[in-house]
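Below is one structure; the comments refer to it alone.
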Amino acid sequence: MLGAALPFVFLVENLGGEILRLKLGGTHLCDVMGMELRGMPLRCFFAYNECPRFAAAVEPVFTGPAELDIRLQSNYSGIEPPVLARMILLPLQSASGVIDRAIGAYVTKGPLNHAPYRFEIERTDLHPLYKETAAVTPPPHMDMKPTKVPYLRVLSGGRAG
């Protein structure tokens, strides 16, 4: 199941200011832009006039922290219908406690015939994440005593590679 999502996943590093650099990007993201994206700024997906709006929307992901959900639409070329997209960003905390990376997903709806695509922001939804959450305790029936039955098992039907 997780393997099917990997083409849409990316990892960005916050280098400060408005610079978010793609560390890793799935094949779908490369299809949208028509090239390898490693090392590119995340703003490369956005129309030039949308870059300040994107920078303002993404800043709370690292300072809040917060989850960011962005709905996008490609610039209409007049030749084919616009491509719709959705990007989700989730903050990642380093071992030192600093939130300097984010993991995200980027999906599109519509044919990708003329890469690269640049998108305009239709809507942003920000969902704050709180550090003051209660500690997670397992339910009573899930005592962590060793048993003879393993918790993990090998599932058949996957692709070896």
Side-chain angles (χ1 to χ4, degrees), residues 1-75 82-110 112 115-138 142 151-155 157-161:
M1 288 261 229
L2 185 59
L6 290 179
F8 308 97
V9 174
F10 63 92
L11 182 66
V12 293
E13 181 179 17
N14 184 359
L15 298 177
E18 298 177 2
I19 303 172
L20 296 177
R21 184 146 338 258
L22 283 157
K23 300 290 283 179
L24 178 69
T27 55
H28 180 71
L29 283 80
C30 296
D31 293 342
V32 171
M33 296 306 292
M35 64 181 173
E36 172 63 40
L37 294 174
R38 192 174 325 149
M40 296 287 291
L42 187 59
R43 69 176 182 263
C44 71
F45 286 99
F46 298 90
Y48 180 74
N49 62 324
E50 294 287 357
C51 289
R53 186 173 171 199
F54 171 68
V58 79
E59 190 261 339
V61 171
F62 298 97
T63 60
E67 171 192 330
L68 179 62
D69 186 351
I70 307 174
R71 304 295 172 109
L72 305 161
Q73 181 175 313
S74 68
N75 292 334
V83 175
L84 303 177
R86 184 174 182 187
M87 178 185 286
I88 297 175
L89 278 171
L90 302 168
L92 293 175
Q93 186 175 23
S94 68
S96 63
V98 177
I99 298 172
D100 60 354
R101 288 181 170 76
I103 190 167
Y106 189 85
V107 295
T108 60
K109 182 179 179 182
L112 298 174
Y117 287 87
R118 300 289 192 268
F119 291 85
E120 295 177 348
I121 298 172
E122 285 187 344
R123 187 177 92 216
T124 62
D125 294 316
L126 194 64
H127 306 284
L129 304 175
Y130 300 103
K131 291 183 181 180
E132 297 82 32
T133 57
V136 176
T137 56
M142 289 190 66
Y151 285 104
L152 302 175
R153 62 182 178 179
V154 177
L155 300 175
R159 183 169 44 153

Might you point out which heavy atoms bring [X] and [Y] nearest each other, and give the distance in Å?
| X | Y | value |
| --- | --- | --- |
| S96 | S94 | OG-OG, 2.9 Å |
| N49 | P52 | O-CD, 3.8 Å |
| Y117 | S74 | CD2-CB, 4.0 Å |
| P128 | A66 | CA-CB, 3.8 Å |

Could you state the interatomic distance from [atom1] ([X]) to [atom2] ([Y]), rounded to the nearest 0.5 Å?
| X | Y | atom1 | atom2 | answer |
| --- | --- | --- | --- | --- |
| L6 | L24 | CG | CG | 9.0 Å |
| I70 | E122 | CD1 | CD | 12.0 Å |
| F62 | E13 | CZ | CD | 9.5 Å |
| R71 | R123 | CZ | CZ | 4.5 Å |

Given the rule in the side chain to side chain contact (heavy atoms under 4.5 Å, CB included) test, do F54 and L20 qualify, once you have shown the distances and angles that lead to the verdict? CA-CA 11 Å; F54 171 68; L20 296 177; 4.2 Å; yes
Could you list the donor-acceptor pairs under 3.5 angstrom formed between side-chain atoms of residues 82-91 and any protein atom two or more places apart in sequence or on another chain?
residue	atom	partner	partner atom	Å
R86	NE	D69	OD1	3.0
R86	NE	D69	OD2	3.3
R86	NH2	D69	OD2	2.5

I121 vs L72, test: side chain to side chain contact (heavy atoms under 4.5 Å, CB included). Steps then yes/no. CA-CA 5 Å; I121 298 172; L72 305 161; 3.8 Å; yes
Evaluate the ring planes of Y106 and F119, with Trp represented by its six-membered ring, and classify them as parallel (under 30°), tilted (30 to 60°) or perpendicular (over 60°).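 The arrangement is perpendicular - the two ring planes meet at more than 60°.
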Using a 3.5 Å cut-off and no angle test, enumerate the donor-acceptor pairs between side-chain atoms of residues 33-48 and protein atoms at least two apart in sequence or in another chain.
residue	atom	partner	partner atom	Å
E36	OE2	R38	N	3.2

Worked verdict on T108 versus D31 for side chain to side chain contact (heavy atoms under 4.5 Å, CB included): CA-CA 10 Å; T108 60; D31 293 342; over 6 Å; no
Identified side-chain contact (heavy atoms from CB on, under 4.5 Å) counterpart of L92 within the set I99, L11, D100: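 Checked I99, L11, D100 against L92; only one passes side-chain contact (heavy atoms from CB on, under 4.5 Å): L11.
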